[in-house]
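Let me begin by presenting the structure, written as structure tokens, before commenting on it.
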4 protein chains.
Amino acid sequence: MVNAEKSRPGSGLPSTTLTLPSDEPTAAALITAAVEVMATQGYHGTSVRDIAAAAGTSAAILYHHFGSKQELLAILLDRGLDMLVMATEQALDLAGDDPADRLRAIVDAHVRMHLEAQRESMLGNSELRSLDPGSLRVVVAKRDVQQRIFERVVRDGVRRGVFTAPHPEDAARFVTTACTAVATWYRPDGPLVPDEIVRRYQEIALDAVRYHR
Amino acid sequence: MVNAEKSRPGSGLPSTTLTLPSDEPTAAALITAAVEVMATQGYHGTSVRDIAAAAGTSAAILYHHFGSKQELLAILLDRGLDMLVMATEQALDLAGDDPADRLRAIVDAHVRMHLEAQRESMLGNSELRSLDPGSLRVVVAKRDVQQRIFERVVRDGVRRGVFTAPHPEDAARFVTTACTAVATWYRPDGPLVPDEIVRRYQEIALDAVRYHR
Amino acid sequence: MVNAEKSRPGSGLPSTTLTLPSDEPTAAALITAAVEVMATQGYHGTSVRDIAAAAGTSAAILYHHFGSKQELLAILLDRGLDMLVMATEQALDLAGDDPADRLRAIVDAHVRMHLEAQRESMLGNSELRSLDPGSLRVVVAKRDVQQRIFERVVRDGVRRGVFTAPHPEDAARFVTTACTAVATWYRPDGPLVPDEIVRRYQEIALDAVRYHR
Amino acid sequence: MVNAEKSRPGSGLPSTTLTLPSDEPTAAALITAAVEVMATQGYHGTSVRDIAAAAGTSAAILYHHFGSKQELLAILLDRGLDMLVMATEQALDLAGDDPADRLRAIVDAHVRMHLEAQRESMLGNSELRSLDPGSLRVVVAKRDVQQRIFERVVRDGVRRGVFTAPHPEDAARFVTTACTAVATWYRPDGPLVPDEIVRRYQEIALDAVRYHR
DNA sequence: GATGAATGAGATTTCATTCAT
DNA sequence: GATGAATGAAATCTCATTCAT
């Protein structure tokens, strides 16, 4: 059984690698397939057979790698959030000291992740309700971690007088949710490339926290 | 949304316009029940019997009032969007001429609707995928109407030099999506009452479009 | 849903009628079919489809009448034990005062029931383990009732000096279990007809409790 | 039965003859595990994985030692009956010439075996139906051998005028089935120890065949 | 108009068994 | 000899929907 928390301690690999291929190729194929088809049809609208077919295997194989359809979803969402939080923290590490740069960095990481992993993002927004209580708690906790990062960056900027938003937490939430929502409207064949979306959202986010240029 | 029994304190709008009571009380009860249970379990995770039970009737009755489970969902989402658009347009009618007031008005309408009809909002965000193509087209079109209202208000403000957002469409989308997302985090027992959320979001929205006070 | 405990209060019907046809013919057919096929293949060796096919319907229909395969088994065994206890008590009512006659009466009822309802008897002996704890408690309790009837008759005979078994409870258990076991070896085409088996078992039972002729 | 680690206090028989340790310890462990878990859940209710897990190995290992789940069950029941018949015959060999002593001896062996190997006994009573026809024939034949031993002992006693049962075969069956049934009600924490049960059943059996003291 | 029975398709999950390593 | 992955069949149960009454 694949367990997501099997982190690779001491591994020097740069975690910027956004795909975390499992050691077991079949399990990885199943996860990829599940993301694809669940994002389109929803958790309950997707049958185990659908997932297996999309991964090129049989339904019984899925149960060889995952305890249940539920567990597959939980691992899916958990990994996605791990990647999001890791990318955001890493961006912050590289961002230097300027509050504006720091906000730009986490907006970049957050928006880019939701553009690149559009389907995981939509799953994360709509299928939390399909999780068992235990997994839900874990996932919500990691979601909160990400939200706290944004709050911290905004509050730091305010404390240092660089941002003057009167309600830093609300501004942070405003920004986070808008940045998450890119996954709901972005189309690869649309007018804006991801780089440009990121740039524009960075500036709007700075406006939203009252950064005075 | 349908049969929204809460009046909205502090809003000058007559709330009678926001309730669209069906002529047939059973149909209305079914819609209310469907919103309640589908918001929790999703469209595919909700059985026709679940809906009927929550409405206090039988599954067969549901088929007297709606052609199918699909149709019930389509009517549900369509009504919700109608109410959202109507409320927003009405707010704009009463808003006067000042671009800041106009933006404040539509943020008020949009946020308040998503706070009051939290469950419909979540359905609208997650279950578009469960619609048949025909209903999907209709609902997406109405969604676009709402989005256009925000774009128009922002662009007007920019044209008149009151807002200076360099990318009005993106700022409008930033604002709309953030305002929609209140439904995903608002809890009635949370620290902020709806009126206060609306006030704060109005100001952040004005910041996001670079309104210079 | 069929519920076994729906007794018909005030019904003047003679309960000697050993078949209790349900008001719902489909449910009755399913019970009959379940007895037949489960007695041959066991509870877990019998599929819901097997039962439905033997009853001439579909598996889905079974779930219209019974909540689960478990519930069907529970109702089955419960009804069988009700019939056994009722028949035994009625035999006792008609038996008069003589301890020997009373023992003969309950041996007659018990043996005859296990010969006539051979398959139910075998189910009752082997599939108690397949019951959920709640149903198991009920069924075991009714089994005990039957056992207590035998104990009481034997003890009464001993108290009145007609039987002289030194260990009345053990003799009663010896007799009951031997009488129950007729279902395990009886074949309708065997050398003895039920009447003759009953007669011989009555006499052996009287020997086992030391009835002195 | 296999690996019956309890020695039998008060029995003069050397208990080494009752354990048939398999040459292969894994096979023995699998048989022991199968008895344990099948007695609780039945043959069809027990999966090969259940058995393997209870034996501390894997399902694949089971197929190294047994051709199939069926074969395992057949071997199980066959060994159990071998031990029962052997113990009974050995008891008879040691019993001397007196018919009462001989009946006491076989009741002792039979009852004691069904108390000690309670689970095998229950399997033997309920899972004959799960055997393939070939194995069933073998097992039923051995069952008959045991039954014939009881019939012979009773008939001999009658022929010599020590017992006066009018129907020796029926009395023998009455006794055998009652003695077998101890496995269905005996609980180790019950009021009677096996020695006492054996003593009382010996006397009741003598009564059932009309042994006049 | 309302209801309980019916139904075929399909859902998730488990099974006994095999096979490559 | 031992093991984990694989697999097709089949298990229990639920579903949206229809229809006679």
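First the proteins, then the strands, lettered A, B, ... as listed; each starts at 1.
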Mind running side chain to side chain contact (heavy atoms under 4.5 Å, CB included) on Arg49(B) and Leu62(B) for me, showing each step along the way? CA-CA 9 Å; Arg49(B) 283 188 154 85; Leu62(B) 188 147; over 6 Å; no
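- Among the duplex regions that DNA chain E forms, those built from at least three successive Watson-Crick or G-U pairs under 3.5 Å are E:2-21 with F:2-21, ordered by first number.
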Tabulate below the donor-acceptor pairs under 3.5 Å that side-chain atoms of residues 117-124 of chain C make, not counting sequence neighbours, or state none.
| from | atom 1 | to | atom 2 | distance (Å) |
| --- | --- | --- | --- | --- |
| Gln118(C) | NE2 | Ala183(C) | O | 3.0 |
| Gln118(C) | NE2 | Tyr186(C) | O | 2.7 |

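- Heavy-atom nearest nucleotides on DNA chain E were determined for Ser68(A) and for Ala60(C), and the one closer to the 5' end corresponds to Ala60(C).
- Residue Gln70(D) contributes atom CD, which lies 11 Å from atom P of dA16(E) at whole-angstrom precision.
- The separation between Tyr63(C) atom OH and dA16(F) atom C1' is 18 Å, rounded to whole Å.
- Side-chain N or O atoms of Tyr43(A) include one that pairs as donor or acceptor with a backbone N or O of Gln70(A) at under 3.5 Å.
- In terms of the side chain to side chain donor-acceptor pair (under 3.5 Å) criterion, residue partners of Lys142(D) (sequence neighbours excluded) are, by chain and number, Asp78(D), Asp82(D).
- For the atom pair Ile51(C) CD1 and Ile61(C) CD1, the distance stands at 14.0 Å (nearest 0.5 Å).
- The list of salt bridge (Lys or Arg N to Asp or Glu O under 4.0 Å) pairs with a residue in residues 50-75 of chain B, not counting sequence neighbours, is empty.
- Between the CD1 atom of Ile51(B) and the C1' atom of dT17(F) there is a distance of 13 Å, rounded to whole Å.
- Whole-Å rounding puts the His64(D) NE2 to dA20(E) C1' distance at 12 Å.
- dT14(E) atom C1' lies 17 Å from atom NZ of Lys69(A), rounded to whole Å.
- Atom-to-atom, NE2 of His65(B) to P of dG1(E) comes out at 9 Å; the value is rounded to the nearest Å.
- Summarising the geometry of Ala55(D) relative to Ala29(D), their closest heavy-atom pair is CB-O, 3.8 Å, with the distance given to 0.1 Å.
- Near DNA chain E, meaning a heavy atom under 4.0 Å away, the residues from residues 37-50 of chain D are Thr46(D), Ser47(D), Val48(D), Arg49(D).
- Atom CG of Leu62(B) and atom P of dC15(F) are 14 Å apart (whole Å).
- The interatomic distance linking Ile61(C) (CD1) with dC13(F) (C1') rounds to 14 Å, in whole Å.
- Panel note: side chain Thr57(A), backbone Ala53(A); no donor-acceptor pair is recorded below 3.5 Å.
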Show me the donor-acceptor pairs within less than 3.5 Å that the side chains of residues 131-140 of chain D make with the rest of the protein, sequence neighbours left out.
| from | atom 1 | to | atom 2 | distance (Å) |
| --- | --- | --- | --- | --- |
| Asp132(D) | OD1 | Ser135(D) | OG | 2.7 |
| Asp132(D) | OD2 | Ser135(D) | N | 3.4 |
| Asp132(D) | OD2 | Ser135(D) | OG | 3.4 |

